[in-house]
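Residue numbering restarts at 1 for every chain, and letters A, B, ... go by the order of the sequence lines. Values below: every heavy atom of this structure, side chains too, minus hydrogens, waters and symmetry copies.
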Amino acid sequence: MAEQTQPAGKIAVTDAGRIPTVVVDDVHVIYRIHKGATSGSSPVSALKRIVSRTNAPNIREVHAVKGVSFTAYQGEAIGLIGSNGSGKSTLLRAIAGLLPPARGAVYTLGQPSLLGVNAALLNDLSGERNVVLGCLAMGMPPEEVKRLAPEIIEFSGINERGDFASLPMRTYSSGMGARLRFAISSAKKHDVLLIDEALATGDRKFRARSEQRVRELRDSAGTVFLVSHSLGSIRDTCERTIWLEGGVLKMDGPTNEVCDAYEGK
Amino acid sequence: MANTAVADPQSGLTPAQLAQRYGLRVAGERPPLVEYARMLWAYRHFMATYSRAKVASSFSSTQLGQLWQVLTPLTNAAVYYLIFGVILSQHRNVSNFIAYLCTGVFVFMFTQAAVQNGTSAITNNLGLIRALQFPRAALPITVTLIQLQQLLMSMVVLAGIVLLTGEPLTFNWLLIIPMLLLQTIFNVGLTMVMARLGSKVTDLKQVMPFVMRTWLYASGVLYPVTLFRQHLPHWAANLLECNPPLVYIELARHALLESNQENLVTSPTRLWLLAIAWAVVMGLGGFVYFWRGEEEYGRG
C-alpha cells in the first residue's frame with residue numbers, strides 16, 4: 001500500500017515527533033448477528049438444535065474488518081469512507097473498545113468516545129435530564145455539568161421551535177435526537193472522539209456549527225474520527241481519510257487524494 | 001502488506017512498541033478491581049441522578065402519577081390479605097396476621113425487584129452502554145437505588161399498617177435501619193449477578209417469574225415460617241431457614257412486631273449473623289462476578 005508510507009504532503013512532514021492517540025494493529029473483527037425469525041425457528045427445530053447441540057441457525061458470524069492497521073496522531077481529523085457494509089462503523093466500535101478484535105489489537109490514549117446516530121440515550125427522560133445524565137456518564141463533575149447544561153441545549157438548537165428540552169426524548173424527531181446527542185458528546189474534551197454519521201443528520205445550520213465544533217475539538221489536541229457517506233462534510237472537516245472496502249484498508253492518505261480516488265472508482 | 005509491520009515510518013517501531021512508548025492502552029480493557037471500585041465511586045453523582053430521574057419518570061404516563069408508589073404496595077398487601085388472610089385463613093398462631101403478612105410482602109418485594117430489574121439492567125440500557133464508556137456496575141447499582149427509593153415509600157405504608165393494627169412503637173423499630181442496609185448490600189450483589197447473567201442468557205427473563213414465585217413460597221412470606229418445621233424434614237427446614245429473604249423478613253418482623261416475638265424462626269442473634277454473612281458474601285461476590293464480565297457488556 002504505497003499510499004500509506006508515501007511521504008504525501010503535510011501529513012508525512014509533520015509525522016515526526018507527533019503523539020499517537022490511536023494505534024490499530026492488524027485488527028480483525030468478527031461479530032455474531034441474530035438474523036431474527038427464519039425458517040428454522042419453530043419449536044420443533046429449536047428442540048432438535050438443543051438435542052443435537054448445534055448453534056442456533058439464526059446466528060451468523062460476520063468477518064467485518066479484515067486486518068486493518070494505521071496510526072492516528074493528536075490533532076488529526078480522520079474521515080472513514082467506503083460503501084455500505086465495508087466495516088467503517090464496526091472499526092469505530094472496535095476503537096471505542098465496544099467490540100473485541102478477534103485478532104490484532106487496538107491501543108488508545110484515554111477512553112475514546114463513540115457518537116453514533118443509533119446510540120439513543122434514555123428515551124423516556126426529558127432532554128434536559130439527558131444532558132445532565134450524559135455529562136455525568138462521561139465523568140464530568142456535577143458543578144461543571146450545571147455550568148455547561150444550558151450551553152449544550154443552546155448548541156443543539158432543540159429549543160429553537162418551542163421548549164423541547166423539557167419533553168421526553170422519545171418525542172424528538174430523529175434529527176433533533178442526533179443533534180442533542182452530538183451536543184452532549186462534544187461538550188467534553190475527548191482525547192479521541194468517534195463520530196458515526198452524526199453530522200449528516202442535522203439541518204444546514206447545525207451542520208456548519210458541528211463542523212466548527214469538530215475543528216475546535218481537534219485543535220484542543222484531540223483526534224476525531226468521522227464516518228460519513230457525505231464526501232462534502234469529510235472534505236470540509238478532515239485532512240486525512242481512510243478508505244475501507246470489504247473490511248480491508250484500501251487507501252490511507254490526504255483527503256483530497258483519497259476522495260478523488262473513491263469517486264473515480 | 002508492508003503497513004502491518006511498521007506503524008511509524010520515522011521511528012521504525014512496531015505498533016505494539018509505539019503504543020507502549022506513548023502509554024497507549026488496549027481499548028476497552030478491564031481495569032483492576034480496586035481501580036474499578038474507585039472509578040465507580042467517581043460515578044456516584046451519575047447513579048444518584050439517574051435513579052432519581054427514573055423514579056420521577058416511572059409513573060409519568062399514569063393519571064395518578066407518583067401516588068402509585070404508595071398504591072402499589074397497598075394493593076399488593078390487600079390482595080395477599082384477601083387470599084391468605086380471609087379466604088385460606090392461615091393465621092392460626094399469628095396474632096397480628098395483617099402486619100405479619102405485609103412486612104413479609106414488602107421486604108420480599110425489595111429483593112424480588114432486584115432480581116427482576118437486575119436481569120434487564122444491561123439489556124435495557126444498551127443505548128447508554130454503546131454510546132458512553134463508564135463502569136458498567138453503575139447500572140445495577142442504579143437499579144438497586146431505584147428499588148430502595150420505592151422500598152422507603154412502602155416502609156412508610158408499612159409503618160402505618162403496623163401501628164393501625166395495634167402494635168406499639170418501640171425502640172426495636174430502629175433495628176429496621178441496619179436490617180435494610182444489609183438487605184440493600186445483598187440486593188446490590190444479587191442485581192449484579194443477575195445483570196451479568198441476563199446480558200448473556202436472554203432466555204432468563206422468561207424463566208425468572210417462575211423462579212421468583214418458588215422463592216416467594218420458600219421465604220415464609222404468606223404463611224407463618226414455623227410451618228416449615230412442622231411439615232418438612234429437619235435438614236430441609238434448617239436449609240430453608242438460611243434463605244436470605246426469609247432471614248431479612250424475620251429481622252424486619254422482629255424489629256416491628258411486638259406481638260410476634262415468640263414466632264421467630266430462630267434466635268435474633270443467629271438471624272443477624274446470617275444477615276451479615278449474606279450481605280458480605282453476595283455483595284462482594286456479586287461485585288467481583290460482575291467486574292469479571294466488564295468487557296463483554298453491550299457487545300453484539
**Request:** Would you mind checking which part of A:A137 comes under 4.5 Å of any heavy atom in chain B, side chain (CB onward), backbone (N, CA, C, O), both or neither?
**Result:** both

**Structural part of A:V22 lying under 4.5 Å from a heavy atom of chain B** = backbone

**Request:** Give, as side chain, backbone, both or neither, the part of B:A53 having an atom under 4.5 angstrom from any heavy atom of chain A.
**Result:**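 Both backbone and side chain.
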
**Asked** For B:N125, is it the side chain, the backbone, both or neither that has a heavy atom under 4.5 Å from a heavy atom of chain A?
**Response**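 Side chain only.
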
**Message:** Under a 4.5 Å cutoff for heavy-atom pairs, which residue among A:P142, A:P112, A:G104, A:A105 has the most contacts with chain B?
**Reply:**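 Heavy-atom pair counts peak at A:P142.
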
**Prompt:** Counting heavy-atom pairs under 4.5 Å to chain B, which of A:P101, A:G139, A:P141 comes out on top?
**Reply:**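 The residue among A:P101, A:G139, A:P141 with the greatest pair count is A:G139.
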
Sequence neighbours excluded and cut-off under 3.5 Å, please list the side-chain donor-acceptor pairs for residues 183-198 of chain B, or say none.
unit_1 : atom_1 : unit_2 : atom_2 : d
B:Q183 : NE2    : B:V107 : O      : 3.0
B:Q183 : NE2    : B:T111 : OG1    : 2.9
B:T184 : OG1    : B:L180 : O      : 2.6
B:N187 : OD1    : B:T111 : OG1    : 3.1
B:N187 : ND2    : B:F110 : O      : 3.4
B:T191 : OG1    : B:T144 : OG1    : 3.4
B:T191 : OG1    : B:N187 : O      : 2.5
B:R196 : NH1    : B:Y289 : O      : 2.7

**Message:** So B:V26 and A:V106, do their side chains get closer than 4.5 Å, heavy atoms only?
**Reply:** no

**Item:** Distance (rounded to the nearest 0.5 Å) between B:R52 CZ and A:R129 CZ
**Value:**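 If we round to the nearest 0.5 Å, B:R52:CZ and A:R129:CZ are 8.0 Å apart.
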
**Prompt:** How long is the gap from CE on A:M138 to OH on B:Y43, to the nearest 0.5 Å?
**Reply:**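 The CE atom of A:M138 sits 9.0 Å away from the OH atom of B:Y43.
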
**Asked** Taking only residues two or more places apart in sequence or in another chain, which ones pass side chain to side chain contact (heavy atoms under 4.5 Å, CB included) with B:V156?
**Response** none

**Message:** Quick check on B:R292: does its CZ atom have over 12 non-hydrogen neighbours (other residues, nucleotides or ligands) under 6.0 Å away?
**Reply:**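 Check fails, neighbour count at 12 or below.
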
**Asked** Between B:Y50 (side chain) and A:L133 (backbone), is there a donor-acceptor pair under 3.5 Å?
**Response** no

